[in-house]
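As C-alpha cells, the structure follows; a few thoughts come after it.
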Amino acid sequence: MEWQDETLVVRFEEKTAPLPGRVSGTVRIHPIALAEQSFVIDTQGRHRWAPVAPIARAEVDIRRPEGTRWTGLAYVDSNFGDEPLEDGFTGWSWSRATTRRRTVVTYDSVRRDGTRDLIQHSFGADGRSEPIEPLAVARLPRTLWGMERSVRVDPGTSPKLARTLEDTPFYARSQLSGQYLGEEAHGVHEALSLDRFRTRLVQFMLPYRMRRVLP
C-alpha cells in the first residue's frame with residue numbers, strides 16, 4: 001500500500017479459504033476530497049480516527065482467479081492508537097453513506113469504561129466538513145452470528161438492508177440504503193464487538209481465517 005503522487009495504490013496477493021486458491025490484483029484510489037482533521041475517540045487520548053478520503057473514486061483490477069475490472073465510489077479512513085482497540089472499547093457501530101453532494105459518516109463507539117462517543121459528520125467534494133444534527137437510531141436484522149446492527153438515519157425514516165457482505169462472530173459489514181439529510185443514499189455499515197473478539201474461542205478461530213505475517 002503506497003501513495004503514488006495523489007493516488008493510493010493497493011496491491012494484494014491472498015490465499016482463499018476454505019478452498020485453496022489465489023486472489024490477486026490492484027486497487028487504485030483517487031481521492032476527490034481529502035480530510036485533514038482527525039478525531040480523538042476516547043477519554044485518555046489514546047485512540048484517534050481520521051477520515052482520510054471520505055469521497056474518492058476506485059479503479060479495481062482483479063487478475064486472479066479471472067480477469068475483471070470495475071470502477072466506483074470509494075472511501076478511506078484510519079484508526080490508530082497507543083493500545084489495542086479491545087483495551088479501549090467494547091465495540092462500535094459505524095456507517096458511511098454517499099448522497100449526490102456529500103458523504104455522511106456516523107461513528108458510535110462504546111468505551112471500555114461504559115461511556116459513549118458519537119461522531120456525525122458530513123464531508124463535501126470540496127473538502128469541507130461539518131458536524132450534523134443527531135440522526136435517529138434504527139435497527140437492521142441481526143446477523144446469522146447474532147450481531148446487532150444499529151444504524152443512524154434521518155428521524156422518521158428506516159434503512160434498508162441490501163446484503164450482508166461479511167458475517168463473523170465479532171464483526172459484520174453490510175450494504176444498505178437510507179435517508180440522510182433529506183436525500184436517499186447508498187452506503188456501508190459495520191458492527192464490531194470487541195468483547196466477542198477478545199474471547200478465547202474467537203482468538204482460537206482467527207488463525208484459520210486470517211493469515212499471520214511474522215517478523
Side-chain angles (χ1 to χ4, degrees), residues 1 10-25 27 38-52 62 64-65 74-97 105-120 135 137-153 159 161-176 187-215:
M1 185 179 294
V10 183
R11 298 180 179 88
F12 56 92
E13 180 78 33
E14 296 291 339
K15 297 178 180 179
T16 62
L19 300 178
R22 292 281 184 176
V23 177
S24 63
V27 179
S38 64
F39 299 80
V40 176
I41 56 176
D42 71 320
T43 56
Q44 304 297 321
R46 296 172 180 166
H47 297 270
R48 302 185 73 89
W49 169 73
V52 180
I62 306 296
R64 294 180 181 177
Y75 168 94
V76 181
D77 71 1
S78 174
N79 280 88
F80 53 97
D82 301 322
E83 65 180 4
L85 282 172
E86 61 269 27
D87 290 352
F89 302 90
T90 63
W92 66 57
S93 176
W94 169 94
S95 70
R96 180 267 300 171
V105 178
T106 66
Y107 195 162
D108 189 356
S109 57
V110 183
R111 304 182 182 108
R112 184 59 61 185
D113 62 9
T115 60
R116 304 181 74 99
D117 183 68
L118 175 60
I119 298 171
Q120 295 184 134
L135 302 171
V137 177
R139 303 286 180 182
L140 294 172
R142 287 175 177 257
T143 68
L144 294 177
W145 282 99
M147 285 285 296
E148 292 187 355
R149 291 183 279 193
S150 61
V151 183
R152 291 183 179 268
V153 292
L161 176 66
R163 60 175 174 164
T164 300
L165 302 173
E166 189 169 355
D167 187 355
T168 78
F170 67 93
Y171 176 83
R173 177 173 286 260
S174 312
Q175 185 179 356
L176 54 79
V188 175
H189 172 269
E190 72 175 20
L192 173 68
S193 172
L194 290 164
D195 280 347
R196 287 187 174 195
F197 172 78
R198 70 193 312 183
T199 62
R200 291 184 178 180
L201 177 60
V202 169
Q203 290 297 310
F204 172 79
M205 295 167 61
L206 283 177
Y208 296 96
R209 292 287 299 176
M210 301 176 67
R211 183 176 56 168
R212 290 291 188 264
V213 179
L214 300 178

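It should be emphasised that the depicted structure is a prediction, and the values quoted were computed from it without experimental measurement.
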query = Strictly under 6.0 Å, is that where the ring centroids of Trp94 and Tyr75 end up?
reply =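 Aromatic pair counts; centres sit under 6.0 Å.
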message = Would Arg96 and Val105 count as a side-chain contact (heavy atoms from CB on, under 4.5 Å) here? Give the steps.
response = CA-CA 5 Å; Arg96 180 267 300 171; Val105 178; 4.2 Å; yes
Going from [atom1] on [X] to [atom2] on [Y], what distance comes out if it is rounded to the nearest 0.5 angstrom?
| X | Y | atom1 | atom2 | result |
| --- | --- | --- | --- | --- |
| Phe197 | Glu86 | CZ | CD | 5.0 Å |
| Asp117 | Asp42 | CG | CG | 8.5 Å |
| Leu176 | Leu165 | CG | CG | 9.5 Å |
| Thr168 | Glu166 | OG1 | CD | 6.0 Å |

Are side-chain heavy atoms of [X] and [Y] found at a separation under 4.5 Å?
| X | Y | result |
| --- | --- | --- |
| Ser93 | Tyr107 | no |
| Val110 | Trp92 | no |
| Leu192 | Phe170 | yes |
| Ile41 | Ile119 | yes |
| Arg196 | Tyr171 | no |
| Arg116 | Leu118 | no |
| Arg22 | Lys15 | yes |

request  = Quickly, which of Asp87, Thr90, Leu85 forms a side-chain contact (heavy atoms from CB on, under 4.5 Å) with Leu194? Name it, please.
outcome  =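 Of the listed residues Asp87, Thr90, Leu85, the side-chain contact (heavy atoms from CB on, under 4.5 Å) partner of Leu194 is Leu85.
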request  = Measure from the side-chain N and O atoms of Ser95 to the backbone N and O of His189, and report whether any donor-acceptor pair falls under 3.5 Å.
outcome  =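 Between the backbone of His189 and the side chain of Ser95 there is no qualifying donor-acceptor contact (under 3.5 Å).
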Listed by chain and number, what are the salt bridge (Lys or Arg N to Asp or Glu O under 4.0 Å) partners of [X], not counting sequence neighbours?
| X | result |
| --- | --- |
| Arg173 | Glu190 |
| Asp195 | Arg112 |
| Asp77 | none |

ask   = Hey, mind stepping through Thr43 and Arg111 against side-chain contact (heavy atoms from CB on, under 4.5 Å) and telling me if it holds?
value = CA-CA 9 Å; Thr43 56; Arg111 304 182 182 108; 3.8 Å; yes
Residues in side chain to side chain donor-acceptor pair (under 3.5 Å) contact with Ser78, at least two apart in sequence or another chain =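 In terms of side chain to side chain donor-acceptor pair (under 3.5 Å), with neighbours along the sequence ignored, Ser78 is linked to no residue.
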query = Where do Phe89 and Trp49 land on the ring pair (Phe, Tyr, Trp, His ring centres under 6.0 Å) test, with the steps shown first?
reply = CA-CA 13 Å; Phe89 302 90; Trp49 169 73; over 10 Å; no
query = Any luck finding a side-chain donor-acceptor pair between His47 and Glu83 under 3.5 Å?
reply =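 Note: His47 and Glu83 side chains meet the donor-acceptor criterion.
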List the atom pairs, donor and acceptor, that lie under 3.5 Å between side-chain atoms in residues 138-153 and the rest of the protein, sequence neighbours left out.
{"unit_1": "Arg142", "atom_1": "NH1", "unit_2": "Gly146", "atom_2": "O", "d": "2.8"}
{"unit_1": "Arg142", "atom_1": "NH2", "unit_2": "Glu148", "atom_2": "OE2", "d": "2.8"}
{"unit_1": "Thr143", "atom_1": "OG1", "unit_2": "Trp145", "atom_2": "N", "d": "3.3"}
{"unit_1": "Thr143", "atom_1": "OG1", "unit_2": "Gly146", "atom_2": "N", "d": "3.4"}
{"unit_1": "Thr143", "atom_1": "OG1", "unit_2": "Met147", "atom_2": "N", "d": "3.0"}
{"unit_1": "Thr143", "atom_1": "OG1", "unit_2": "Asp167", "atom_2": "OD1", "d": "3.3"}
{"unit_1": "Arg149", "atom_1": "NE", "unit_2": "Pro141", "atom_2": "O", "d": "2.8"}
{"unit_1": "Arg149", "atom_1": "NH1", "unit_2": "Thr164", "atom_2": "OG1", "d": "2.9"}
{"unit_1": "Arg149", "atom_1": "NH1", "unit_2": "Ser174", "atom_2": "OG", "d": "2.9"}
{"unit_1": "Arg149", "atom_1": "NH2", "unit_2": "Pro141", "atom_2": "O", "d": "2.7"}
{"unit_1": "Arg152", "atom_1": "NH1", "unit_2": "Leu135", "atom_2": "O", "d": "3.2"}
{"unit_1": "Arg152", "atom_1": "NH2", "unit_2": "Asp108", "atom_2": "OD2", "d": "3.2"}

inquiry  = The criterion is ring pair (Phe, Tyr, Trp, His ring centres under 6.0 Å); which residues satisfy it with Phe12, sequence neighbours excluded?
reply    =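 Ring pair (Phe, Tyr, Trp, His ring centres under 6.0 Å) list for Phe12, sorted by chain: empty.
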